[in-house]
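Here's the structure, in structure tokens; my notes come after.
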Amino acid sequence: MFFGAVQLGLMAACVVLFVPMGMAGWHLSRNKVLFFSGALFISLAVCIHLIPYFPSFFPQTPSVISINQDLTTTNSCISTVNDVTFYSNFDGFSWNWDNSSRSSGLNDCDFQKLGRVDVLDLLNGSWVVVTGDSQARLFVVSLLDLVLGSDEMEKIHEDLFKRHSDHHIVVIEIGLKLDFIWSPYVTNLTDLVIEFKRNNTYPDVLVMGSGLWHMLHFTNYSNYGSSLRVLRDSLVQLLPVSNSDDDDVGQDPARVMHMFWLGMPTLINRLLNTEEKQVKMTREMCNAYDQELYKSKLLKQNGGSFFLLDVEMLSNRCGVECSLDGMHYNDVVYEATVHVMLNALLIESHQKL
Ligand SMILES: *[C@@H]1O[C@H](CO)[C@@H](O)[C@H](O)[C@H]1NC(C)=O
Ligand SMILES: *[C@@H]1O[C@H](CO)[C@@H](O)[C@H](O)[C@H]1NC(C)=O
Ligand SMILES: *[C@@H]1O[C@H](CO)[C@@H](O)[C@H](O)[C@H]1NC(C)=O
Ligand SMILES: *[C@@H]1O[C@H](CO)[C@@H](O)[C@H](O)[C@H]1NC(C)=O
């Protein structure tokens with residue numbers, strides 16, 4: 001290979017710089033020099049962008065360029081997948097992705113609300129585990145709403161809403177196994193991770209989240225932070241997780257889990273339904289708990305393995321009218337969260353419908 005991308009770039013820079021300078025030596029006016037360098041710059045830019053379409057001229061550079069382009073699109077899309085707007089209308093709430101995030105620069109991100117057939121197709125043969133507190137339970141209800149018919153949903157509804165209990169369901173027609181595991185505390189999440197390791201079985205999709213119970217019953221953010229770090233350490237030690245997009249080469253793809261962190265909702269203090277909650281679960285405490293989550297480096301954006309489902313932002317955007325008790329929100333928030341996860345899953349697994 002004669003030209004790497006860097007050499008090519010340097011050469012282009014030299015041409016843009018020196019050719020007009022040379023011309024200036026021939027007594028061209030400043031405006032003409034500017035015109036020439038502008039024209040040169042544009043034609044070089046056009047050439048560079050055309051190179052990928054004529055791979056035979058440049059055997060190696062095109063692949064570099066197209067991969068980078070691919071990654072930028074993927075990254076910019078995945079970073080806007082939480083950007084959802086809610087609308088209230090006469091019969092309740094609706095939602096959609098922000099216009100700006102649906103088309104972010106280079107390519108349209110093409111986020112979509114998946115229908116039942118698409119979801120069955122995406123989750124066909126998968127094992128999905130959702131674990132956490134009542135927020136996780138509401139997330140599961142929204143996911144099942146997408147997958148099951150309304151009569152099937154009715155049948156399991158009571159069981160699903162039993163307080164503080166697990167729920168296991170298998171959608172036989174596509175071999176989807178969905179487990180909801182009641183885990184109010186981060187220590188419960190860590191225990192579960194250790195159990196996966198002991199059993200040597202790992203779900204394809206793992207959705208975890210915890211914090212509200214700890215805030216109410218311990219009200220100690222540094223303790224929450226250390227429990228998050230224990231969870232992170234147990235994940236790093238125990239699980240065959242790929243931390244970045246490009247190091248799963250050589251790994252058994254069946255063992256690469258997709259991991260999502262179900263963030264805490266925005267709390268609306270004056271609506272909280274007990275005095276104890278109002279006293280302990282203040283805005284300051286919520287902020288301190290958030291900081292611990294970021295500091296723990298559990299999230300992908302901080303170098304960890306969980307993609308954040310930003311329930312805090314989503315619930316905040318839906319607003320006060322959308323909340324029942326300052327902590328649990330209208331179904332529409334969890335519905336949007338499920339679609340955010342499914343779209344992130346599509347992007348992560350490089351699938352298109
Ligand atoms: C699920 O996958 C199996 C095997 O790959 C396939 O035969 C079946 O048609 C799929 N079902 C759906 C609903 O996509
Ligand atoms: C979760 O952890 C708490 C505190 O460590 C423990 O008391 C409780 O039994 C656990 N709950 C479940 C469902 O494992
Ligand atoms: C581990 O295996 C046991 C026995 O098969 C099972 O009951 C349990 O649910 C498994 N745990 C997890 C987290 O998969
Ligand atoms: C909060 O947790 C930290 C770390 O676990 C502990 O050292 C500290 O004593 C706790 N603070 C209170 C007020 O309980």
Side-chain angles (χ1 to χ4, degrees), residues 112 114-137 139-140 143-149 152 159-235 237-241 253-260 262 264 280 289 292 296 305 342 345-346 349-353:
Q112 45 195 316
L114 305 191
R116 181 164 190 266
V117 173
D118 296 333
V119 177
L120 292 184
D121 193 41
L122 179 64
L123 298 180
N124 192 352
S126 304
W127 179 22
V128 178
V129 172
V130 181
T131 176
D133 51 27
S134 51
Q135 303 288 322
R137 191 191 300 277
F139 179 88
V140 167
L143 180 56
L144 285 175
D145 260 337
L146 264 180
V147 173
L148 299 178
E152 287 169 291
D159 189 28
L160 203 51
F161 275 92
K162 246 183 237 154
R163 275 173 70 87
H164 309 173
S165 66
D166 297 352
H167 188 81
H168 308 278
I169 185 165
V170 175
V171 183
I172 293 166
E173 54 177 308
I174 57 156
L176 165 67
K177 200 166 109 177
L178 175 65
D179 291 329
F180 169 70
I181 300 172
W182 172 249
S183 304
Y185 295 110
V186 176
T187 49
N188 304 128
L189 303 180
T190 306
D191 290 347
L192 186 64
V193 168
I194 293 169
E195 202 178 320
F196 287 140
K197 178 66 181 177
R198 198 185 308 127
N199 285 5
N200 198 26
T201 53
Y202 302 93
D204 305 290
V205 179
L206 177 62
V207 183
M208 289 186 153
S210 172
L212 294 173
W213 277 63
H214 193 281
M215 197 189 296
L216 181 60
H217 297 291
F218 292 87
T219 330
N220 180 339
Y221 54 87
S222 66
N223 185 269
Y224 178 67
S226 47
S227 69
L228 289 173
R229 281 186 289 280
V230 172
L231 173 62
R232 181 186 154 91
D233 291 346
S234 67
L235 280 165
Q237 287 166 16
L238 299 180
L239 289 183
V241 166
R255 304 192 68 195
V256 176
M257 290 198 298
H258 297 282
M259 300 170 61
F260 297 92
L262 193 66
M264 280 194 278
K280 291 182 170 172
Y289 270 63
E292 293 298 330
S296 72
S305 4
L342 294 171
L345 204 52
L346 278 174
S349 54
H350 308 288
Q351 290 188 51
K352 278 211 154 46
L353 288 175

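Both counts, for ligands and for their atoms, begin at 1 and track the order of listing.
Scanning all heavy atoms of the two residues, the minimum distance from Val186 to Tyr224 falls at CG2-CE1, 3.7 Å.
For Thr131, the side chain to side chain donor-acceptor pair (under 3.5 Å) criterion is met by Ser183, not counting sequence neighbours. Listed by chain and residue number, Trp213 satisfy the ring pair (Phe, Tyr, Trp, His ring centres under 6.0 Å) test with His217 (two or more places apart in sequence, or in another chain). Checked against side chain to side chain contact (heavy atoms under 4.5 Å, CB included), Asp191 has no partners two or more places apart in sequence or in another chain.
At most 12 non-hydrogen atoms from other residues, nucleotides or ligands lie less than 6.0 angstrom from OH of Tyr221.
Protein residues with a heavy atom closer than 4.0 Å to ligand 2 are Trp182, Tyr185, Thr187, Asn188, listed by chain and number.
Each of the atoms 14 (O) of ligand 3 lies under 4.0 Å from some heavy atom of Trp127. Counting atoms of ligand 1 from 1 in the listed order, those under 4.0 Å from a heavy atom of Asn124 are 1 (C), 2 (O), 3 (C), 8 (C), 10 (C), 11 (N), 12 (C), 14 (O).
Side-chain contact, Asp179 with Trp127: a donor N or O sits under 3.5 Å from an acceptor N or O.
Proximity of Met208 to Val193: side-chain heavy atoms (C-beta onward) are separated by under 4.5 Å at one or more points.
With a 4.0 Å cut-off on non-hydrogen atoms, Tyr202 does not touch ligand 3 at all.
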